[in-house]
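Presented below is the structure to which this report refers.
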Amino acid sequence: MERVISLSLGEVVLKGKNRKHFENKLIGQVKKSIADIGFKSVYKDMGKVYIAADYENFDQIIERVKHVFGIVYISPCIKINRDIEEIEEGVKLITKEALEDNPSIKTFKGVAKRADKNYPLVSMEINNRIGGAVLKNFPIKVDVHNPDLYIYCDIKKEAYLYTKRYKAYGGLPMGTNGRGLLLLSGGIDSPVAGFLMAKRGVQIDSVHFHSYPFTSERAEEKMFKLAEILSAFTGNMTIYSINLLPIQKEINKNCPEDEMTIISRRFMMRIAERLSEKNEYKSIITGENLGQVASQTIDGLTVTSAIPNRPVFRPLIGMDKVNIIDWAKKIGTYETSILPFEDCCTVFLPKHPSLRPRLKDIEKSEEPLDIEELVESAIANMKIIKVKEGEVQNEEE
Ligand code: ATP
Ligand code: MG
């Protein structure tokens with residue numbers, strides 16, 4: 001008998017021919033996430049991934065791998081050979097442990113699954129043997145509809161028994177959908193947007209715009225703090241920190257006041273596009289949300305979308321604010337996001353921002369600007385900061 005941790009893969013298993021590639025990415029990330037804790041091996045057995053490690057480290061390992069995308073459930077298991085007598089012995093052990101853990105358990109149900117259809121007993125027969133072993137040894141009853149305790153038995157090359165299933169985030173392994181550049185502000189939305197796209201397999205770096213000295217250093221620190229929290233999910237992250245002030249001054253001097261925000265947005269997109277070309281980001285990610293503020297009307301989004309030559313992912317586009325806030329609390333960014341520091345966009349905030357900008361008009365307004373020069377010099381003056389993968393912060397269940 002050996003104790004291992006099983007990882008159930010969600011959509012990864014649907015990937016047909018690509019499955020191996022997805023599984024291997026995921027295994028690589030699992031190993032990386034627990035490298036400092038230590039483990040004996042990470043291996044596949046018929047559709048699931050298993051971690052063999054010291055039992056005393058199981059809780060810590062489970063916490064870590066919860067944040068590896070592509071995993072749906074995590075279970076501490078005992079691994080035994082497939083003799084039905086051994087399985088019965090194993091069932092006694094895990095039932096005893098489950099009852100010690102939670103003495104109020106009154107009912108149970110066996111849930112056998114044969115990944116290997118050549119196993120001599122069918123699932124129902126295995127369940128009967130599980131049931132027999134429990135009923136003979138413990139004062140609890142069978143309830144097939146709503147049991148207090150599920151006793152799972154997976155028959156693969158080996159047999160695995162477990163009673164607990166911890167939920168993970170699902171999604172796809174990081175990097176299976178290329179690298180993406182997140183526009184990270186200090187607000188509530190953009191960290192959530194980054195998290196959601198990372199969950200879909202995008203490997204994320206970030207660009208941040210500030211208007212120093214009009215915006216404070218503390219505003220930038222707040223953004224770093226958010227990046228650090230996010231990095232528990234995304235891994236190490238590069239941040240390009242860009243001073244937008246020279247561009248904002250030029251816009252302020254040369255363009256209609258009500259178009260200030262939307263033209264700044266177009267510059268953010270231009271810079272993001274340029275960084276993407278240089279660093280091979282295949283997508284640009286924002287926390288925009290339809291109708292939330294003036295620059296996020298359908299016409300506003302049309303005008304900003306017209307800039308980049310690659311897809312702009314806006315995973316929050318159709319979400320209500322309450323749901324976005326729920327995510328922010330869940331991933332631990334909310335408390336930092338609501339700290340009151342000014343954002344670069346508030347520096348030259350127009351009194352009456354244009355709600356229905358038209359691309360033609362905006363392009364006309366931009367004519368006096370030396371766009372190329374402004375973009376290049378903003379990039380030439382940027383700071384590049386490396387954020388190291390951090391521990392998860394005050395994550396809520
Ligand atoms: P957030 O809460 O993410 O700041 P928001 O609701 O305040 O979003 P806006 O300020 O209109 O909305 O910004 C929309 C999106 O544009 C942000 O989610 C972010 O992706 C990007 N963005 C805005 N300001 C900045 C900035 N200073 N640096 C980097 N990206 C920014
Ligand atoms: Mg904002």
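All of these numbers come straight from a predicted model, not from anything done at the bench. Order of appearance sets the numbers: ligands from 1, and atoms from 1 within every ligand. Positions are given from 1, in the same order as the sequence printed here.
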Can you find an N/O atom of P191 closer than 3.5 Å to an N/O atom of ligand 1?
no

From the options E373, E366, E376, select the one residue that forms a salt bridge (charged side-chain N to carboxylate O under 4.0 Å, His left out) with R270.
E366

Distance under 6.0 Å and angle within 45° of the ring axis: does K329 meet both against Y334?
yes

Polar proximity ligand 1 side, Q296 side, N/O cut 3.5 Å exclusive:
yes

Is the gap between the ring centers of F195 and F69 under 6.0 Å?
yes

Heteroatom proximity flag, V207 to ligand 1, N/O under 3.5 Å:
no

Are F138 and F108 near enough that their ring centres are under 6.0 Å apart?
no

Is the positively charged end of R3 above the ring of Y55, judged by distance under 6.0 angstrom from the centroid and angle within 45° of the axis?
yes

Using distance alone, decide if ligand 1 has a nitrogen or oxygen within less than 3.5 Å of any nitrogen or oxygen in K321.
no

Any donor-acceptor pair under 3.5 Å linking the side chain of N254 with the backbone of E250?
yes

Hey, is ligand 1 close enough to G186 that some N/O pair sits below 3.5 Å?
no

Is it the side chain (CB and beyond), the backbone, both or neither of N289 that lies under 4.0 Å from ligand 1, heavy atoms counted?
neither

Polar-atom distance check: I188 versus ligand 1, any N or O pair below 3.5 Å?
yes

